[in-house]
**Student:** 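First, the structure itself, so that you have it in front of you.
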Number of protein chains: 4
Amino acid sequence: MQEEVTDRARRPRADAQRNRDRILDAAEQYFSEYGVTGSLDAIAKRAGVGAGTLYRHFPNRECLLAALLAARDDALVARRDHLRSGSMSAADALGGWLEAITAWAGAFDGLPEPLRAATATSSSPLAVTCQGFITTTESFLRAAQDEGSARRDVRARDLFLAALANSWVRGAAMADDASAAALTELTRTGWATVRPVRADDDQ
Amino acid sequence: MQEEVTDRARRPRADAQRNRDRILDAAEQYFSEYGVTGSLDAIAKRAGVGAGTLYRHFPNRECLLAALLAARDDALVARRDHLRSGSMSAADALGGWLEAITAWAGAFDGLPEPLRAATATSSSPLAVTCQGFITTTESFLRAAQDEGSARRDVRARDLFLAALANSWVRGAAMADDASAAALTELTRTGWATVRPVRADDDQ
Amino acid sequence: MQEEVTDRARRPRADAQRNRDRILDAAEQYFSEYGVTGSLDAIAKRAGVGAGTLYRHFPNRECLLAALLAARDDALVARRDHLRSGSMSAADALGGWLEAITAWAGAFDGLPEPLRAATATSSSPLAVTCQGFITTTESFLRAAQDEGSARRDVRARDLFLAALANSWVRGAAMADDASAAALTELTRTGWATVRPVRADDDQ
Amino acid sequence: MQEEVTDRARRPRADAQRNRDRILDAAEQYFSEYGVTGSLDAIAKRAGVGAGTLYRHFPNRECLLAALLAARDDALVARRDHLRSGSMSAADALGGWLEAITAWAGAFDGLPEPLRAATATSSSPLAVTCQGFITTTESFLRAAQDEGSARRDVRARDLFLAALANSWVRGAAMADDASAAALTELTRTGWATVRPVRADDDQ
DNA sequence: AATGAATGAGCATTCATTCAT
DNA sequence: TATGAATGAATGCTCATTCAT
């Protein structure tokens, strides 16, 4: 009786939270093992919950993915703060940040794909995440531009997409580390030695 | 006359060739509509042939894809020849070639994925195609390097992958043309204004 | 009262149990009609359930078969008890038991095959069933051996296999009842009138 | 021209014979590898002939099987003659012959099945083969019966079926040699020590 | 006589999602 | 709120057999 009053709003939440966590743990394992296209049913099973429970917490794969990545946001935010507070140049900070994004997007096999889609649609739970990182990228980019070490005609959004693309190239079983580094470098400096002069290029 | 001899081996193919063509047509349509992961059975149905017939001609999705792309190879080869014979600089030729590859890999939604995989495995019907284009890329790149307009530390394979990556970013429903161009430009010139000096960099 | 408690876990099964039963009924019919290699899809259809439902209940053909036979186990167990409690000789009991097994394995066309396979692998849902019957066979055999009416150098497992083999010979469309009986008799007494004397032969 | 007259009936036959032989060779390999249910198409391919050619020579699987076994008949006939001419007892000869049949029916995985079916239908190309061996079994059996070493109430046909059954039990991956021998022995002597006296039992 | 292309139903199995309990 | 049963279309692929060439 007493419980019904005090716990009505709390106890179920404790259960729910526990289930949510177990689902996230299971998803983390499962996606690591089989990539982001793995079976949601299998995740529910591994988490020890019913399929319906999974769907209650995460109505679709993207929501689950978003929640999963949110848990990793902390690491990326920490990285961001570290890059910001460091004594490195703004260019190196931007480079470090892009590499951090590339690594982040490579957390699970196949992850770049939904991230790219989310970047395009804006109506996805992942879009929020992506947008946040684009904003951060923008601040790094602006600093580098102000420093004179980044081109003014480059947009943060495109750098973000380039980072995803590099992550995509690395793929799951890429097995060619040289290419991974080369692509990152290519994004930084391009393949051309000479650049066309442009109006908005303030250098 | 001569034809009559070779026709003896060709005549039974009248049927086969017709079916093959119909399958390719159907696949072209279907992949354009639903992307390269569309149902093979559905393609057979649209082509008006039995599933077995499709599988006889193209034992798996990659073979079908390779045949489909082979039909487009001609256009790419023509583009290559045009770029080679033109009076443009080697840098512009390389740029044009990379853009051609990017466009080619964007023929169908999802096409970059198997192309990337093929680039890594070499045991795929698509691998041959990819390798051929990497070789062409190499000749364009070398010309540009000899001209002094391309960096010496860039590899053709990585440029090819970058072109695929750009194609991947564009996606099917990208809806952001500015990014498409920006990514291509980024690959050419990078985001940095300043470059680390390197030993093998002949500028 | 007690039921009310256990029902809590059983109630959601009202649906499931009904479907399960319908599947078993359909399978019974279908296997009787077409043999144990009949299409599982067709069984699902006949049962009026989706294919997924069938696979949820019985992940593979062997599981379905095992469940189907489990329903018949009762009859066999009853037969065993009847044979045990009867006043017949141990030899007749063993003979009756082997005949019961032979009849049981002839329930469906093609059933002896998976039973034989299960006898060999032990990692099959049918293996449990088979092993159980081998054990029972052993008790009957031992009684007959103790009685002096069964040879000491015969193993229960081989008698079980012989019963399966006889069932196999009968097949579905055997149409030769004489052979069926003859084979059973052959297993009992062999074709030879004279037997090589053996050390472990206590007669 | 000249050829048309003299070779019209001969040359094609040479071709046909060569193809027939190649098909038989391929089938021998293939059935050995994959059992008698292996794909006929694959056999045609391995033989280097079209599917139609295979079907011209052997309208169905049973015909192919029958031809394949016919080639092995020689070995069995030789065995028969050797058993007949030997100085062993008629009982041992019969035993040897049954063992020879069991081994013969074990030539390919799954072979006992069509042999049993053929024994029952008599409208199969294999039926001829089986009937021949039943006849031979009969002669061995009669000799043993005359010698007094085989029971008079046993029929050759049932012994043949028992031999097939033993072959079936051995299966492909039986992995239990003891059972193989035990079953053979069981067929010879049965499991009972005491036999019911019967009218037609002349011992 | 030979070819090999075509057929197309058939198979086992999966999975995201819904919904009754 | 949680459960997990149900759905049922969909997938890639095979194969015995026929038949046009």
Side-chain angles (χ1 to χ4, degrees), chain A residues 8 11-16 18-20 37-45 48-57 59-61, chain B residues 7-20 23 37-45 48-57 59-61, chain C residues 7-20 23 37-45 48-57 59-61, chain D residues 8-9 11-20 37-45 48-57 59-61:
Chain A
R8 212 186 328 176
R11 207 185 24 186
R13 211 176 270 165
D15 261 42
R18 209 197 62 230
N19 276 338
R20 206 186 122 96
T37 58
S39 150
L40 296 189
D41 254 28
I43 289 172
K45 190 153 290 176
V49 304
T53 305
L54 186 152
Y55 278 87
R56 163 171 294 274
H57 285 287
N60 56 52
R61 187 183 298 272
Chain B
D7 267 4
R8 217 184 326 172
R10 215 171 269 158
R11 224 178 328 163
R13 277 187 189 151
D15 261 52
Q17 187 60 46
R18 208 195 62 231
N19 275 335
R20 205 189 122 97
I23 291 170
T37 57
S39 151
L40 296 189
D41 261 29
I43 289 172
K45 196 151 288 176
V49 303
T53 304
L54 186 150
Y55 281 90
R56 165 174 287 274
H57 285 286
N60 55 53
R61 187 183 297 272
Chain C
D7 268 3
R8 217 186 324 175
R10 215 172 269 156
R11 225 179 328 165
R13 276 188 189 150
D15 260 51
Q17 188 59 46
R18 208 196 62 231
N19 276 334
R20 205 188 123 96
I23 291 169
T37 59
S39 151
L40 297 189
D41 259 29
I43 289 172
K45 196 152 288 174
V49 303
T53 303
L54 185 151
Y55 280 90
R56 163 174 289 274
H57 285 286
N60 55 54
R61 187 182 298 273
Chain D
R8 211 186 328 176
R11 205 187 25 189
R13 213 176 268 164
D15 261 42
Q17 187 58 45
R18 209 197 60 229
N19 276 337
R20 206 187 121 95
T37 58
S39 150
L40 296 188
D41 255 27
I43 289 172
K45 190 152 290 175
V49 305
T53 304
L54 185 151
Y55 278 86
R56 164 171 294 274
H57 285 286
N60 55 53
R61 188 184 298 273

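Sequence lines set the chain letters: A, B, ... in the order given, protein chains first and strands last, and positions in each chain run from 1.
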**Student:** Holding to side chain to side chain contact (heavy atoms under 4.5 Å, CB included), I want the full list of residues that pass it with A:S39, two or more places apart in sequence or in another chain.
**Tutor:** A:Y30, A:D41, A:A42
**Student:** Please compare C:V49 and A:L54 by the position of their nearest nucleotide in DNA chain F and report the one closer to 5'.
**Tutor:** A:L54
**Student:** Identify all stems in which DNA chain F takes part, counting only runs of at least 3 consecutive pairs (Watson-Crick or G-U wobble, each distance under 3.5 Å), and give each as one range with another, ordered by first number.
**Tutor:** E:2-21 with F:2-21
**Student:** Rounded to whole angstroms, how far apart are CD1 on C:I23 and C1' on F:dT7?
**Tutor:**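 These atoms are roughly 12 Å apart.
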**Student:** Looking at B:A51 and B:A44, what are the two nearest heavy atoms and their distance?
**Tutor:** CA-CB, 4.0 Å
**Student:** For C:L54 versus C:I23, what's the shortest heavy-atom pair and its separation?
**Tutor:**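 Shortest heavy-atom contact: CA-CD1, 3.7 Å.
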**Student:** How would nucleotides 12-17 of chain F be written as a contact map, 5' to 3', with B for base contact, S for sugar-phosphate-only contact and - for no contact, using protein heavy atoms under 4.0 Å?
**Tutor:** BBBBBB
**Student:** May I have the distance from C:R20 (atom CZ) to F:dG4 (atom C1'), rounded to whole angstrom?
**Tutor:**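 Whole-Å distance recorded here is 16 Å.
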**Student:** Taking atom C1' of E:dT3 as reference, at what distance in whole Å does atom CG of D:D15 sit?
**Tutor:** 13 Å
**Student:** Let me know the distance between CZ of D:R56 and P of E:dA1, rounded to the nearest Å.
**Tutor:** 5 Å
**Student:** Do D:D15 and D:R18 come within less than 4.5 Å of each other through their side chains, counting heavy atoms only?
**Tutor:**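 With C-beta onward as the side chain, the pair touches.
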**Student:** In whole Å, I'd like the distance from the CG atom of C:N19 to the C1' atom of E:dT21.
**Tutor:** 14 Å
**Student:** Specify the separation, in whole Å, of atom CD of C:Q17 and atom P of F:dG4.
**Tutor:**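 Taking atom P of F:dG4 as the reference, CD of C:Q17 is at 16 Å.
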**Student:** Any non-hydrogen side-chain atom of A:T53 less than 4.5 Å from a side-chain atom of A:R56?
**Tutor:** no
**Student:** Between P on E:dT13 and NE2 on C:H57, what's the gap in Å once rounded to a whole number?
**Tutor:**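 Going from NE2 in C:H57 over to P in E:dT13 covers 17 Å.
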**Student:** How close do B:H57 and B:N19 get, heavy atom to heavy atom, and via which atoms?
**Tutor:**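 Closest approach of B:H57 to B:N19, heavy atoms only: NE2-CB, 4.3 Å.
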**Student:** Taking only residues two or more places apart in sequence, or in another chain, which ones meet D:Y55 in a side chain to side chain contact (heavy atoms under 4.5 Å, CB included)?
**Tutor:** D:L40
**Student:** Taking for each residue the nucleotide of DNA chain F with the nearest heavy atom, is it C:G50 or A:G48 whose nucleotide lies nearer the 5' end?
**Tutor:** A:G48
